[in-house]
2 protein chains.
Amino acid sequence: MVYQKNRDERNSEILSQIIQLYTATAIPVSSKSVAESMDNIVSSATIRNIMAELEEDGFIEQPHTSAGRRPTDRGYRHYVDHLNGRLSLEKHKVKKFEEEFFEKVRSIKDLIEQSSHLINRQLHYASAVMLPDTVSQYMKHLELLKIKSDTVMAVLVTMTNIVENYIIKLDGDIEKGQLNKIANFINEKCEGKKVSDILEYLKGVNSVADKNSELGAMSAFAIRLIDGMAKTDIENEIFITGMDCFSGQADFSNSEDFRNLLKILSDKKLMMKIMKGELSAGGMRFYIGHENEPEPLKKCSLVTFGYEFHGTPLGRIGIIGPTRMHYENVFQTVNYLIEVLNSKIEGLS
Amino acid sequence: MVYQKNRDERNSEILSQIIQLYTATAIPVSSKSVAESMDNIVSSATIRNIMAELEEDGFIEQPHTSAGRRPTDRGYRHYVDHLNGRLSLEKHKVKKFEEEFFEKVRSIKDLIEQSSHLINRQLHYASAVMLPDTVSQYMKHLELLKIKSDTVMAVLVTMTNIVENYIIKLDGDIEKGQLNKIANFINEKCEGKKVSDILEYLKGVNSVADKNSELGAMSAFAIRLIDGMAKTDIENEIFITGMDCFSGQADFSNSEDFRNLLKILSDKKLMMKIMKGELSAGGMRFYIGHENEPEPLKKCSLVTFGYEFHGTPLGRIGIIGPTRMHYENVFQTVNYLIEVLNSKIEGLS
DNA sequence: AATTAGCACTCGAGGCAGTAGAGTGCTAAA
DNA sequence: TTTAGCACTCTACTGCCTCGAGTGCTAATT
């Protein structure tokens, strides 16, 4: 019935007002302040009635009887789910970043780094950025260097201009000429291929080649190499910055909470695991308050989005702030970042 | 006079006791607790007399009349300056780390990373680690790759197995063969040289070569390249980890102080500046409380030490904790790290 | 039927006084 | 030179009180 719809619409609007006020001040908002923020088109008493309804619906809550209301996680969720309609107007507001932040970007690493800066400086939230896995990258060039009699360094340059290196220790000596041959072989056959595909390709070659032939030895060595690279670099390739954003915020005045949060954010392995789970998520995702997993993050919100190359998801970027986050700004900035990142990445190669 | 010396010696010992008690508990220590910690060889009244002297000397202070005493920065300084004698006994205590932490170290980057882990996990303090400047490194190999018609990537491998890359945009096109020639030229002439020396060498070549000759063009290009590399990488090559160590500590229960500290530690540029100033310091250095510069660090202590290759200082590592730091442990661990780092670094090439 | 003014009620924040006890400095005795 | 003893000081903690912001409900108004 039309009747009901109007009511819901207005309730949503009041909720939105409450969220914006609470986001700005961190103080539970009173009916009076809502009325004022709406230029008193309705009285505080009316707002009180609506607020009672919103509370019944679980969108807002009172810390105690004689206090104002603040949004619940559910309230934020409702707000975020209905963001799409409300904005996408002020796109120009974000545009000015471009020149500042993405000026002399040469590699995907620069891009990711700049994104994290932008999140810290413009949004004032923490960021967790993942560099791409080696395996999901496309190879441009491989170089093999003998760095000791029995030690070889492989330097892999990807299409997105990331340089990975891997050091491998051999059982015996190996000749320089032999190394060059192997490098040439891989470069010729595999340039432009995805690293994971290269591995499969080499396995194919190896499976049909005579074990004692040159091709057999070469492909066996190459497999060992690429496989080693793929397994190695995964560990620490995550960077968390801007943790200091939480310390000013009233939300974490409870130092126990703050301490726990810092501990989580400082734990690269854990953060990597969280972000890793997101890899195939696609698009922008909001995780609000209790929707997050390790206890200390339940007072935070996490917004993640991915970047990709030729349609393959390469990595993901996370924005972490208090649940009382400025979702609107985040939404707009992320939309902008997704666009810029993906286009710039394609432009790299 | 012998008399005086004994008095000073005993006062020092009491100071040391006070510091150890205060380091453990963060509570101003009373005369009684000092007496007890010394098995009541003297009474608390005697301790009180000595404490009065120590206070007069500025080594300890009272937060207020009816409280115990805590060390002043000057007290810590005295303690630290007299550490040498007191310990260097339990060297074996630290040895067990070696296997855990420095097992499969392949490059200087790994070494530095592991050192920072060790500081975080074993000492529970924050660490600031600097990676080496490109210019102070010794070159092993240079590779030039054409990544676009007008863009070249240089990949530099150093004797300590660091891989640096630099992307340079040219005015016009360049041929692959030409690139290889330049790379070969540099590799032949400069392998094993320090990067800063290479730059000088090339300038020398360039100054006598005919500008229109191949040698002139090659050396000009090489200069532009190496110079660019040297200038680029300096910015962000510092990593701060373990900031969460401060949050538990009673010292920073004042959240304002904590907030400010976090802000400083998160500021890579600033931290880089601080550590940079230390580069040529040599050996282990203690900076206690107010001896540090930006205001928020005045409640901390910073201990720095360097690592080197063939006698050239490469970089420096900093340990940052509350002024109420466990200096003894730090002293021992740093001594150990200096030894291990420098020997392992030499072993890399 | 929806809105609003008015009013009684609730509850936390903050100020104030009183108490307990930890720790000191001083004095006089050992 | 050390120590026991004691008076003194100052914080931390507690309970009590008041103030006021904010609510929910009721009755009047549109």
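Throughout, a chain's letter reflects where its sequence line sits, starting with A, and its residues are numbered from 1.
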Taking atom [atom2] of [N] as reference, at what distance in whole Å does atom [atom1] of [X] sit?
X: Gln62(A); N: dG24(D); atom1: CD; atom2: P; value: 5 Å
X: Lys32(B); N: dA4(D); atom1: NZ; atom2: P; value: 13 Å
X: Glu55(B); N: dT24(C); atom1: CD; atom2: P; value: 10 Å
X: Ile60(B); N: dG23(C); atom1: CD1; atom2: P; value: 14 Å
X: Leu54(A); N: dG24(D); atom1: CG; atom2: P; value: 12 Å
X: Asn49(B); N: dT3(D); atom1: CG; atom2: C1'; value: 9 Å
X: Met51(B); N: dA22(C); atom1: CE; atom2: C1'; value: 13 Å
X: Ile18(A); N: dT23(D); atom1: CD1; atom2: C1'; value: 14 Å

Determine the contact category for Ser31(B): base if any of its heavy atoms lies under 4.0 Å from a base atom, sugar-phosphate if only primed atoms, P, OP1 or OP2 are that close, otherwise nothing.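 The residue Ser31(B) makes sugar-phosphate contact but no base contact.
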
Provide the closest heavy-atom pair for Thr241(B) versus Ser116(B) in the form atom of the first, atom of the second, distance.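 Scanning both residues completely, I find the closest heavy atoms to be OG1-OG, 3.4 Å.
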
Residue closer to the 5' end of DNA chain D, Thr65(B) versus Ser44(B) (nearest nucleotide):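 It is Ser44(B), whose closest nucleotide lies nearer the 5' terminus.
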
I want to check one thing: is the phosphate of [N], taken as OP1 and OP2, less than 4.0 Å away from some side-chain N or O of [X]?
X: Ser43(B); N: dT3(D); answer: yes
X: Arg48(A); N: dA21(D); answer: no
X: Arg70(B); N: dG23(C); answer: no

Lys298(A) atom NZ, over 12 foreign heavy atoms within 6.0 Å: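 Yes, because the 6.0 Å sphere around NZ of Lys298(A) holds more than 12 heavy atoms from other groups.
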
Looking at the side chain of [X], which of [options] is the nearest nucleotide?
X: Arg69(B); options: dT24(C), dC10(D), dG12(C); answer: dT24(C)
X: Thr46(A); options: dT10(C), dT3(C), dA5(C); answer: dT3(C)
X: Ala45(A); options: dT9(D), dA5(C), dG23(C); answer: dA5(C)
X: Ser66(B); options: dA21(D), dG23(C), dA4(D); answer: dG23(C)

Show your working on side-chain contact (heavy atoms from CB on, under 4.5 Å) between Tyr125(A) and Ile320(A) and close with a plain yes or no. CA-CA 6 Å; Tyr125(A) 296 126; Ile320(A) 306 154; over 6 Å; no

For this output row, return yes or no: ring centroids of Phe286(B) and Tyr76(B) closer than 6.0 angstrom.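 When the ring centroids of Phe286(B) and Tyr76(B) are compared, they turn out to be at least 6.0 Å apart.
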
Side-chain donor-acceptor contact under 3.5 Å, Gln17(B) with Ser37(B):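 Judged by distance alone, the side chains do pair up.
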
